[in-house]
Amino acid sequence: MGIDRRTFMGSVAGGMAALGVAGRAKAQTAGPARPFRLATEEAFATPEMIEGWRGIAAGVSASADLAQWRTFLDGGFPSRTSILGKLLDIGDGRIADMDAHGVDMQLLSLTSPGVQVFNADQAVAIARDANDRLAEAVARHPTRFAGLVAIAPQAPEEAAREIERGMTRLGLNGVIVNSHTRGEYLDEEKFWPILEAAEAHDAPIYIHPRAFEDADTGPYAPYELSGARWGFAAETGLHGMRLLMSGVLERFPRLKIVLGHAGEGIPYWLYRIDYTWEAFTRSGVEQSALTMKPSDYFRRNFRITTSGMNDPQVLDFCIERLGPENVLWAIDYPFQRAADAVAFMDSAPVDDEVRRKVYATNAAELFGIDIAERTT
Ligand code: MN
């Protein structure tokens, strides 16, 4: 229904523009159009992946992430059951929620920890199936959904081929990696085929949080520290730091890395990261592969999103530190409320041009999503 209304409004505006009255008519009737809202960290699941998770979660050596998922998978509390239902819905129910909150478009990604808990063969098959399902959903609702290619980093060459298939044949918009794969990180040489394919296909890699391998038993185990409160940011921030400091951004200079949750803490640390790089390099403690300051790479190669971080002062700080073109809006549906994310961004202390950039145009450019028709 929302599409029809917009299409209709678009053709009315086009007709008025042809008559030379569009501006005045708009100003007198509706005022300036609200910014287009493109949410960039929006989760979905497939039945095959959930079934695979159930098999693992039932075992004694379940990954820490799936231990956190047990209550969801058991169908415990109704609200949690409804989260699972929302994840599995990449059709009408999701669009109804988007319409209810004025969300124009979601960039979908396979929810964490994705296929990264499976053995390589199972992971490759479930990722490929998820990408087919995602492409079908985007084909059915091309003005409401875009999507990221799920890959199995356990099989780097297969993952590189899936990036190519996803970006060309399926027409998807980037890559989702749910952080570490069995304790290993993308800066390691075995994963370079993935970075190479992503760079070659202009596919930004969204590094989405998951828990540390030892989240059940290690230092993050008590006080709910292993998940969204702190552990996710510590683990995913570490992943970002490994990519930043390793020199892979010298080897793959056009690679784009996206971090949610206002950059998983890294923007706040840039001064100290630069300071230690300069001090350690100068004193010979570190033989760094970097040829410019870490913060220069961060601004060149990283983008951050506002997922789950609806704090106007944090937004203001990140825009100041990174530039308005490097910050993208996200909700983290269905884990966070769309109403909160929209209210936050509608009222954030930025001018209208920056608001439009953060809300949609930065993401449209980065992920190659065509929204031009509906932002004029
Ligand atoms: Mn998320």
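As the structure lists them, so they are numbered: ligands from 1, and atoms in each ligand from 1.
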Visitor: Provide the full list of salt bridge (charged side-chain N to carboxylate O under 4.0 Å, His left out) pairs with a residue in residues 151-171, sequence neighbours left out, each pair given once.
Guide: Arg128-Glu158, Asp132-Arg165, Glu158-Arg161, Glu162-Arg165
Visitor: Please determine if Arg133 and Glu48 form a salt bridge, counting it only when a charged side-chain N lies under 4.0 Å from a carboxylate O.
Guide: yes
Visitor: Can we say Arg34 and Asp352 salt-bridge, meaning some charged N sits less than 4.0 Å from an Asp/Glu carboxylate O?
Guide: no
Visitor: Close to the Mn ion (ligand 1), meaning under 2.8 Å, how many protein N, O or S atoms are there?
Guide: 3
Visitor: Regarding Lys256 and Asp202, does a basic nitrogen lie under 4.0 Å from an acidic carboxylate oxygen?
Guide: no
Visitor: Kindly say whether Leu328 contributes a backbone atom to a donor-acceptor pair with the side chain of Arg303 at under 3.5 angstrom?
Guide: no
Visitor: Taking Asp97 first and then Arg337, would you say they form a salt bridge - that is, a charged N and a carboxylate O separated by under 4.0 Å?
Guide: no
